[in-house]
Amino acid sequence: MNGKSEHAFKIGVTIDFPRDCRWLAFDDSLLRTFIGRLNSIGIERIHWVYYSAGHWDTLSRTAANVAQSLKALRQPMAAACRQAHELGMEFQAIIRPYQLGSSHAVVPDQEEAGHLTGIPCIGGAHFLLDPWIVARPELRVQGRRGSAGGSKLAAPITAIGLIQKDVSPCRLGANNIEIWTSSDNLGYSRRDVELIVEESVEVCPRDIFDADGKAITRRGEPRLVLALSGFSLPDPYILVTTNLSDFEGTFRNTASEIVRASGPGQRFARITVGSHKAVWNAPRDFRHGSLEFDAGHGDFEVCLDVNNAINLCPSCAQSRWQSCRQLPIPDDESARCKDGVIAFARGMNDFLPAAPCEAYQEVRDYWMSWVGDCLLAGVDGVDLCLTSRGGWVNSPDQYGFNEPVADEYHRRHGVNPDVEAYDEALLGALRGEFLDQFLLMARRRLNAAGKRVSVHLEPDAFNSDAPLAKARMRPGRINYNWRRWLRSGLVDEVLLLAEGWTPEEILVDKTGEEMLLEADASEIPVHLGQSLRADRDPRGQADRLEYASSFRGLAGYNMADISALYDREKAAQGELAFRDGLTEELGKAIESLGSRR
């Protein structure tokens, strides 16, 4: 590869400013101190996450420090760009077309949502959204009508099946299983029912994998089933738990697979599950608060026959976490974050939470207005990040069936993919074509202004067979034509990253390696992205940087989650104080590379 020899190795950071200023209110002086500190340790480039004015306004209503920062700076990106340029630093904006908000859902009665306008969903409403999409919810990526199944069925639930991943001995029975229900997902009440529990064994009909792609149960393997009956539940939210108080449970499966429900003489085609796991505000307490449904945790394992209390599990408490980390249950049988709860509601959400569909010209025009905002701010280029947290659902492959997509698919292939059998690859390719129309528009606009175009390539999320933890980062069924982008000269640079992966894992991954080779063949420099949260050890972060700099195919290194650099306890007191050791170690590593100015 020739990228390393032709391009100076540059060190950059990604700043997601609303996340940073949640901890500390910034004004022009404090922002200057912050950027100056980054520059002093050898940071040469800033990648700044763009938010529209309306989205900024929404976020400012959720945190006082964000509101104060916005009031003081007025246009934070423009202020940061000006300061960076004064120090001789490069400044690029990151736009995330599919993230017009987050998948965070709350119940409308909660104080957090009292002064915000949102979009209803199963379990509450999405509130942390760009007002543009709140006014146009029908432009979000749409679910497939042909898969909705039981979403419109209102019959009471008369039977519940609990499915264990294997045939391990079961300690659950009518004396310790409890059913709780809620009318609004804001606090659940126990139902006094004469529960009937019947145990049987069934053959697993398909391969079951967890969110990270680990095999849970293989097709044809036996698994234990508990059939619950003796009730008629009309409630929209139903929860199964136990009265057990220990963490020694073995009744486990993925959240989506561990429960099924049916009504009188009829099996519901689809239910949406929830547990104590949540994207934000975790862990939840079903007794007094809400649960989060259909938020991309369906393939995370849960363990039912354990303590369901809101207190910390032993593993997280020992690690001094403030709340359970809601991680997949480890293989070592430790008591980490096992939940003790499974809940469900009928149907599926009709749209992704906050991801607009690229097939609408109105959406592409709105995205182009972002490009215009970035140019007005004086940026040196624009990075395109095409994955997002705005579309986290349990079944992302069932989304991407908006009318323009379905109409064009029908015109080309003679069937309506929304309700008829269709070819998944053809649908994904079609949506990819619509996305490419926007990318070409952005390229032309930026080229005319003499600005660079960069694209984020994410080998973990771009793969069509990615596990749920990665696939949920895509806005439904879509193909990213990254090879075409590189070969056609659509982009000038690449930021290669994979959330949670080390540099070694990214660079030896088959798709990651192919991305490097394709970029090199097109003489496009590649910068490696890493999160500062991934390793809180200062020396460990420096080691990652040094490893990346020694890899011949890379032109630079970018560090995200910059708020990890400063002390949050002191930030709460209004002081910008950097954590001991981290900036110093990074500075030493950068200086040793000869990148320090």
Side-chain angles (χ1 to χ4, degrees), residues 101-107 121-126 128 143 162-163 165 185 188 208-214 216-217 237-241 249 251-261 270-286 289-304 306 308 310 313 315-316 321 323-330 336-349 352-355 387-399 460-461 466-476 499-500:
S102 71
S103 56
H104 176 41
V106 296
V107 177
C121 64
I122 293 175
H126 300 295
L128 300 180
L162 300 177
I163 303 95
K165 69 175 185 178
N185 190 35
Y188 287 70
I208 308 298
F209 299 92
D210 74 357
D212 292 322
K214 182 184 72 175
I216 299 299
T217 310
Y237 301 99
I238 298 171
L239 178 149
V240 181
T241 186
F251 199 102
R252 63 174 65 171
N253 208 331
T254 67
S256 293
E257 195 70 19
I258 202 171
V259 64
R260 59 191 179 210
R270 179 177 290 273
I271 57 175
T272 296
V273 297
S275 65
H276 273 158
K277 290 180 172 61
V279 180
W280 284 273
N281 296 349
R284 303 296 182 96
D285 182 356
F286 71 88
S290 64
L291 300 180
E292 191 160 72
F293 291 83
D294 199 22
H297 288 130
D299 288 349
F300 279 83
E301 267 193 280
V302 297
C303 188
L304 187 60
V306 292
N308 61 29
I310 195 64
C313 73
S315 177
C316 288
W321 293 110
S323 64
C324 277
R325 309 319 298 161
Q326 305 301 317
L327 299 171
I329 299 173
R336 186 191 303 165
C337 309
K338 288 191 175 180
D339 266 323
V341 167
I342 188 65
F344 63 89
R346 297 164 178 80
M348 62 179 278
N349 285 306
L352 293 183
T387 58
S388 81
R389 291 175 172 81
W392 284 14
V393 291
N394 292 343
S395 301
D397 61 326
Q398 295 300 321
Y399 290 83
D460 57 338
L468 178 66
K470 304 300 182 180
R472 65 184 181 180
M473 299 296 290
R474 298 194 300 265
E499 187 170 355

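One N or O on the side chain of E292 and one on the backbone of A105 form a donor-acceptor pair closer than 3.5 Å. Formation of a donor-acceptor pair under 3.5 Å by the T272 side chain with backbone atoms of G347 is found in this model. With hydrogens and angles ignored, the 3.5 Å screen pairs no side-chain donor or acceptor of D285 with any backbone N or O of G289. Using modelled atom types, one side-chain atom of N253 and one backbone atom of I163 make a donor-acceptor pair closer than 3.5 Å. Not one N or O on the side chain of D212 forms a donor-acceptor pair closer than 3.5 Å with the backbone of A469. Under the 3.5 Å distance criterion, the side-chain polar atoms of R474 are matched with a main-chain donor or acceptor of A461. D294 places a side-chain N or O within donor-acceptor distance of the main-chain N or O of N394, the cut-off being under 3.5 Å.
Side-chain contact between F251 and K165 is absent, with no heavy-atom pair separated by less than 4.5 Å. Looking only at side-chain heavy atoms (C-beta outward), P353 and V393 come within less than 4.5 Å of each other.
The distance from atom CG of D339 to atom NZ of K277, rounded to the nearest 0.5 Å, is 3.5 Å. Atom CG in N308 sits 13.0 Å away from atom CD1 in I342 (nearest 0.5 Å). Between I208 atom CD1 and I216 atom CD1 the span is 9.0 Å, to the nearest 0.5 Å. Atom NE2 of H126 is separated from atom OG of S103 by 7.0 Å, given to the nearest 0.5 angstrom. The CG atom of L291 sits 12.5 Å away from the NE2 atom of H297 when rounded to the nearest 0.5 Å. Between D460 atom CG and K470 atom NZ the span is 4.0 Å, to the nearest 0.5 Å.
When each of T241, V341, V302 is paired with H276, the side-chain contact (heavy atoms from CB on, under 4.5 Å) condition holds for V341 and for no other.
Minimum interatomic distance between V259 and V273 (heavy atoms only, all atoms of both residues): CG1-CG1, 3.8 Å. Between G213 and P467 the shortest heavy-atom distance is N-CB, 3.5 Å. Nearest approach of Y399 to N349, heavy atoms of both residues: OH-O, 2.6 Å. Y188 and I238 get closest at one heavy-atom pair: CE2-N, 4.5 Å. The shortest non-hydrogen separation linking A471 to A466 is CB-O, 3.7 Å. Summarising the geometry of S290 relative to R284, their closest heavy-atom pair is OG-NH1, 3.0 Å, with the distance given to 0.1 Å.
Below 30°, between 30° and 60°, or above 60°: for Y237 and F293 the angle between ring planes is between 30° and 60°, a tilted geometry.
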